[in-house]
Structure formats: C-alpha cells, structure tokens
Protein chains: 2
Amino acid sequence: MDDRERIVAGLVQELRRGTLILCVLRQLGDNRYGYSLVQSLEEAGIPIDPGTLYPLLRRLEKQGLLESRWELEEARPRRYYGLSETGAWVLDRLTAEWQAMVRTIRALVDAEPDTQPKKEE
Amino acid sequence: MDDRERIVAGLVQELRRGTLILCVLRQLGDNRYGYSLVQSLEEAGIPIDPGTLYPLLRRLEKQGLLESRWELEEARPRRYYGLSETGAWVLDRLTAEWQAMVRTIRALVDAEPDTQPKKEE
DNA sequence: CACTATAATGTGTGATACACACTAATGTCA
DNA sequence: TGACATTAGTGTGTATCACACATTATAGTG
C-alpha cells in the first residue's frame, strides 16, 4: 500500500529479470516439463507465472538452447524440455558471468559509503 | 562473431538490467553528477552508456528517490544528484532483496545437477 | 452423468526499461 | 583554430515480463 513499497516491488521485479533464464536453464539439467518447472522453482523461492515460463521456453528453444519433445505415453501429454549442447555451453558461460557480476556488485555495496561523509550543502 | 557468444551477450545484458539502479543508488551516497557516475561505474567494472544513465536519473528523481540541483559556480554547470530520504530507504530494502536473491540463486546453481544422472530414454 | 478442481500448455496485450544513435553546448589544450 | 573531452539531454526500437485469458484432458464428487 505504501508508495515506497510499490517502488521497491517494481525494482525487485526488474532485478529478477534475466535471472529467470539462468534459473530455468539450470533446472533443465535433467529433462523437465513446463508445469514441473513452475512447481520446483516455486519451491526454490522463485515463483514464476506459467504465462511467463511458457513463452520463455519457446524463446529459448528457438534460440537453440533447448530441445523439446512431446511425451504422450504418460497419463497426460507433456512437453519435455532438455538442454541442447549449445544450451549447456551457454549455461556455463552465463553462470560465470553471473558470478562475476555478483562479485562486482558486492564490491560496490560493501564499500563504505561514508568515506567522505559530507560536502558543503 | 559466434552465434552463441551473441546469445550470451544478450542474456548478460538482461542480467545487468535492474542491477544498474542498485549500483547507481549506491554510488549516490555522496552527491554526484551524471558524468562522474559514468566514470566511476566504468572503473568499478560497470560500464553504462550516458544515454542510459541520464534518463535513469530523471526517472529516479521523478519517483522521489533522488534530489538534484544545478551547480553553476564551477567551471561547467553540473547537475548534482543526491539520495532523498525515501531513496535511502529504498536502497536499503533493495540491497536486502538483492542479497536474498543472490542466496536463492546460489542455492540453485550450487546444487548438484546430476543427483539423478539419467532417466529412461 | 453433470460439475468442478487441477494438471498442463498455450496466446495476447500492455507497461516498462534498456541500449543506441543522435543533438548540443562548453571548456581545454596542442 | 581545431580537435577532443566534458556534460547534459532526447527519441526510437526492441525485448521481456506480468497478468488475464483460453484450451484440453483427467480425476474426483454428488
């Protein structure tokens, strides 16, 4: 309800942006179908709307990072996704970049902000 | 030149999204003008295009996180920005959310992906 | 058998924000 | 004087995410 809370919520959403792909790629180490990803990410503390995930999966497949196939034998038809070779390579690179970014930002955030406490007002 | 490199570059850019605001807010602990932010962030390993930063600053000011004033006494007129009270509050919250997010993702990324090495094919 | 919940996959739209290219002015130094 | 750095800004295109909505199929309940 607070204005400031709303601003923070927006910024947090902006922060999550992009990390979703990292998380999804990571979870696709073994084959999964969309709905199971929604659930396992939810459990991991990363809620994702199905309306966000499914287009994401299609996008990643079009880029060649994922491969999918319909599995019709089971109780319900499900579309299983798995990392392609390219996808695995990209995941490695992306993970490294993510960790570098975290270190960079930690350096900024941990830095004393008050080394020059004041200037003239 | 590689296709895969281009994909990674795009995803990294997506990762950076949102973190820019965190970094900028953090650097505004003491008053700064736009161009100096471009330079200090560059040194810190976070290059930012002036065409990205200036609209960002105006946006943050419109949201009430920043306050600015023209400084005409110096060699060149510069617009100095500083955190407002709200801005400082938001920065605290955002920093906490960021760190929580980093922990959550680390838990995902550090998890062994090969606990169930194979399924039936 | 109708009705509903839930599993499972998708589509369409709108808000937002970032990158990039561009403009424009002033100071500095060779 | 001319080139370059400094400093601030605008405008446009594109991509992503959230949200609401749609669709099919199965299982369960009265």
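A, B, ... follow the sequence lines: proteins, then strands. Residue 1 opens every chain.
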Task: CD/A/Glu71: more than 12 non-hydrogen atoms of other groups inside 6.0 Å - done: yes
Open item on the list: Are there over 12 heavy-atom neighbours, none belonging to A/Gln39, within less than 6.0 Å of that residue's CD?
Closed with: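 More than 12 heavy atoms, drawn from other residues, nucleotides or ligands, come within 6.0 Å of this atom.
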Mind checking [X] for me? I need base, sugar-phosphate or nothing, with any heavy atom below 4.0 Å counting as a touch.
X	result
B/Gly34	sugar-phosphate
B/Gly10	nothing
B/Pro50	nothing

- [ ] For A/Asp49 and for B/Tyr33, find the nucleotide of DNA chain D with the closest heavy atom, then tell me which residue's nucleotide is more 5'.
- [x]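 Between the two, 5'-proximity favours B/Tyr33.
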Look at the side chain of [X] and decide which nucleotide, out of [options], has an atom nearest to it.
X	options	answer
B/Tyr35	C/dT6, D/dT6, D/dG9	D/dT6
A/Arg78	D/dT7, D/dA18, C/dA7	C/dA7
A/Leu20	D/dC17, C/dT11, C/dT9	D/dC17
B/Arg76	D/dA8, C/dC18, C/dT26	C/dT26
B/Tyr54	D/dT7, C/dA19, D/dA18	D/dT7
B/Gln39	C/dT11, C/dC18, D/dT6	D/dT6
A/Trp70	D/dC17, C/dT9, C/dA17	C/dT9

Task: Shortest non-hydrogen separation from B/Val109 to A/Arg26 and the atoms involved - done: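 Between these two residues, the closest heavy atoms are O-NH2, 2.7 Å.
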Open item on the list: For D/dT16, does the base pair up with any side-chain atom of A/Arg17 as donor and acceptor (N or O, under 3.5 Å, distance only)?
Closed with: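 Side chain to base: pair present.
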Could you tell me how far apart [X] ([atom1]) and [N] ([atom2]) are, to the nearest whole angstrom?
X	N	atom1	atom2	answer
A/Arg58	D/dT16	CZ	P	14 Å
A/Arg79	D/dT24	CZ	C1'	15 Å
B/Leu56	D/dG9	CG	C1'	14 Å
A/Leu60	D/dA15	CG	P	14 Å

Open item on the list: Let's see if you get this right: which residues in residues 94-103 of chain B place a heavy atom under 4.0 Å from DNA chain D?
Closed with: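 The stretch gives none, as no residue of it lies under 4.0 Å from the strand.
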- [ ] Could you tell me whether the side chains of B/Ser68 and B/Arg79 share a donor-acceptor contact shorter than 3.5 Å?
- [x] yes
Task: Approximate separation, where rounding is to 0.5 Å, of B/Glu5 CD and A/Arg93 CZ - done: 4.5 Å
Acceptor/donor pairs from residues 10-20 of chain A side chains to any protein atom, 3.5 angstrom cut, sequence neighbours excluded:
| unit_1 | atom_1 | unit_2 | atom_2 | d |
| --- | --- | --- | --- | --- |
| A/Glu14 | OE2 | B/Arg17 | NE | 2.7 |
| A/Arg16 | NH2 | A/Pro47 | O | 2.8 |
| A/Arg17 | NE | B/Glu14 | OE2 | 2.9 |
| A/Thr19 | OG1 | A/Arg16 | O | 2.5 |

- [ ] For the pair B/Arg59 and B/Glu61, find out whether any cationic side-chain nitrogen is under 4.0 Å from an anionic carboxylate oxygen.
- [x]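 Not counted as a salt bridge, because no side-chain N and carboxylate O are separated by less than 4.0 Å.
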